[in-house]
Amino acid sequence: MSAIAVEGLVKRWDGHAAVDGVSFTVPDNSLTVLLGPSGCGKSTILRLIAGLETASAGQVTIGGRDVTGLDPAKRGVSMVFQSYALFPHLTVAENILFGLKVRRVAKADRARRLETAARMVGLDGLLDRKPASLSGGQRQRVALARTIVAEQPVCLMDEPLSNLDAKLRAEMRDEIRRLQRALGLTMVYVTHDQTEAMTMADAVVLLNAGRIEQQGPPPMLYERPATAFAARFIGQPPMNLLRGPTPGTLTGVRPEDVMLNGDGRPARVEALDYLGAETLLRLSLDGEEIIARAPGRGAPQPGETVRVAWPAEAEHLFEDTGIRRDGGEP
Amino acid sequence: MRHVIGWLLLTPAAILLIAFTYWPIGATVADSLFSRGNPIRPSRFIGLENYALMADDPIFWQVLWNNALFALGTIPASIALALMMALMVNRALPGRALARMAFFTPTILPMIAVANIWLFFYTPDIGLIDQIAGLIGLPGHNWLGDPDTVLGAIIVMTVWKEAGFFMIFYLAALQTIPPELWEAARLEGAARWTYFRRILFPLLMPTTLFVLINAILNSFKLVDHLFILTKGGPDNASNLLLYYIFETAFSFFDTTYAATLTVVLLLVLAVLSLVQYVVLDKRIHYR
Ligand SMILES: Nc1ncnc2c1ncn2[C@@H]1O[C@H](COP(=O)(O)OP(=O)(O)O)[C@@H](O)[C@H]1O
Ligand SMILES: [Mg+2]
């Protein structure tokens, strides 16, 4: 009913394509994350869906309706900005209700929606405050409440958590996911943080330099990365990429698949990253760096030599152009 | 000990303020209570007689009225124009830098130079305005010589000069307003005008207050152009309070009456600033 389809979308600025032929669909009532490094065109795609930018080519449909040239206010979308875009001179309640007043929603209806939204995001008692007197997390909640009262079927979020500290970020991640399910929203969520993407998404669209590297549900991206870029971008620490086995190819191995016991090739421990539950070993294997996971305690010390091996089925083979050899879906 | 140092630190500023502000004000008030001295009859204390004289002086009431009209004619118009120009050149348009410079140019010209330019516009028959009017068959008009049009002509010129200056402050304020506010409002269905009325204008209020104070002070302080264009005439039709003070003091050499008029000017300015700070401050959002 409010599924989004993006077809061959292009956005050029002075000849340079920030978005270069992007197609994907977001099923009704699901959460799709646009993931990629800074500058890869995530925000631009989101703004093209919202109608805040005009496409150079391509098409956007929402709920089967072509909205490519439509006024942003008529697309049935609400948006949460990275900076929250709260109006500094209005109170929390006025901020939340701004859109409803503009759209001339009846007063009783406004009050009802405000109350529901404030309760959902935990803003009771703060409604008379100005944004300047709120914490980052509370401002974020005001921005969420604003999209809730709008009651639009589609919600777009541009790095909404990047201004929050790590603990709050984890909390808000759950909360946004809960809201999306509870309200049945069709959501496009932009982030450069692969943890956010992996934990929240029904589907991830991984972008690089304005093009899609791979799209699919998080486990698919993790288990069958379609390109060397996807392999390195998803997973923390990233996948090891080693030259070989034949010239012009790369072999990828996840750090957790590197086994340290038994026999294998000798590697020198260069450094340790102690993380508590586990320790990351940075090894030098025939002059190439490779990371392995080891238990938190009792890991080998720098300078020691260990033997590393991995099961053949844990190997991911890539051409040196970055494309997966056994044909992962792009 | 602490407050001794405090007073010491305050002293240089206090000395300057007293020497160049409060002492002259006190002296002016004192002067206004004395009669005009001449070689035969020296100046003597006459109490409020000068003020009574002023109340009966029709020219005083006329310049006060002129000044009120001048303020009403220049202040809202120059502020509105400044805001409009700032909104215009704040957008990403081709030739934006050029437009900004064009709007700002009148500001960097001295008032005397501006007056000379406008003298060329207003000159009867050969002036720019009459020449253009002549092209479409309208008769010439002596804009500065006609008591009915002279104040209007001076108001137009002053607005032209002031708007560019105020535009700079609006432009600076507009640049601090994040563009997402407009985008957020737009997604909610707000038209440009709604956004302006409900969001942009309230956020610009501190700037408007600042500009308003400047505009009001200027409407009493700016008289340079009168020296070039009209000398307050014809028949005092374009005379303003400060120019009348100047005339009284340095053309008629009536320094005590000039002091009396100055006290009135000071009172007017003091009351206006008080009203602005007390009344408007309460209704303005400061971030
Ligand atoms: N208004 C604009 N004018 C010119 N170039 C832009 C504009 N907005 C974005 N870009 C360029 O488009 C590319 C993608 O930007 P963006 O979508 O913001 O990336 P992301 O959100 O993934 O960090 C960047 O190279 C950026 O410089
Ligand atoms: Mg971005």
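Lettering of chains follows the sequences in order, A, B, ..., and the numbering in each one begins at 1.
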| request: Give a yes or no on whether the backbone of B/Arg198 and the side-chain of A/His89 come within a donor-acceptor separation of less than 3.5 Å. | output: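 Here the side-chain-to-backbone pair exists.
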| task | Using modelled atom types only, decide if a donor and an acceptor are shared between the side chain of A/Arg103 and the backbone of B/Glu188 within a distance under 3.5 Å. | result |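 Indeed, once roles are kept as given, a pair shorter than 3.5 Å links the two residues.
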Show the nearest heavy-atom pair for residues [X] and [Y], with the distance to one decimal.
{"X": "A/Gly51", "Y": "B/Arg186", "value": "O-NH2, 3.9 Å"}
{"X": "A/Leu86", "Y": "B/Leu181", "value": "O-CD2, 3.3 Å"}
{"X": "B/Gly189", "Y": "A/Ala73", "value": "CA-CB, 3.4 Å"}
{"X": "A/Pro88", "Y": "B/Leu203", "value": "CG-CD2, 3.5 Å"}

| task | First locate atom CZ of A/Phe98, then atom OH of B/Tyr195, and finally report the distance between them rounded to the nearest 0.5 Å. | result |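 It comes to 9.0 Å.
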| query | Within a strict 4.5 Å, meaning less than it, do heavy atoms of the B/Leu187 and A/Leu52 side chains meet? | reply |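 Contact flag for B/Leu187/A/Leu52 side chains = yes.
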| message | Counting only heavy atoms from other residues, nucleotides and ligands, does the tally under 6.0 Å from CD of A/Gln82 exceed 12? | response |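 Enclosed: over 12 neighbouring heavy atoms sit under 6.0 Å from CD of A/Gln82.
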| query | Salt-bridged, B/Glu183 to A/Arg47, with N to O below 4.0 Å? | reply |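 Salt bridge: yes.
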| Between B/Ala185 and chain A, which part of the residue has a heavy atom less than 4.5 Å away: side chain, backbone, both or neither? |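 For B/Ala185, heavy atoms of backbone and side chain both lie under 4.5 Å from chain A.
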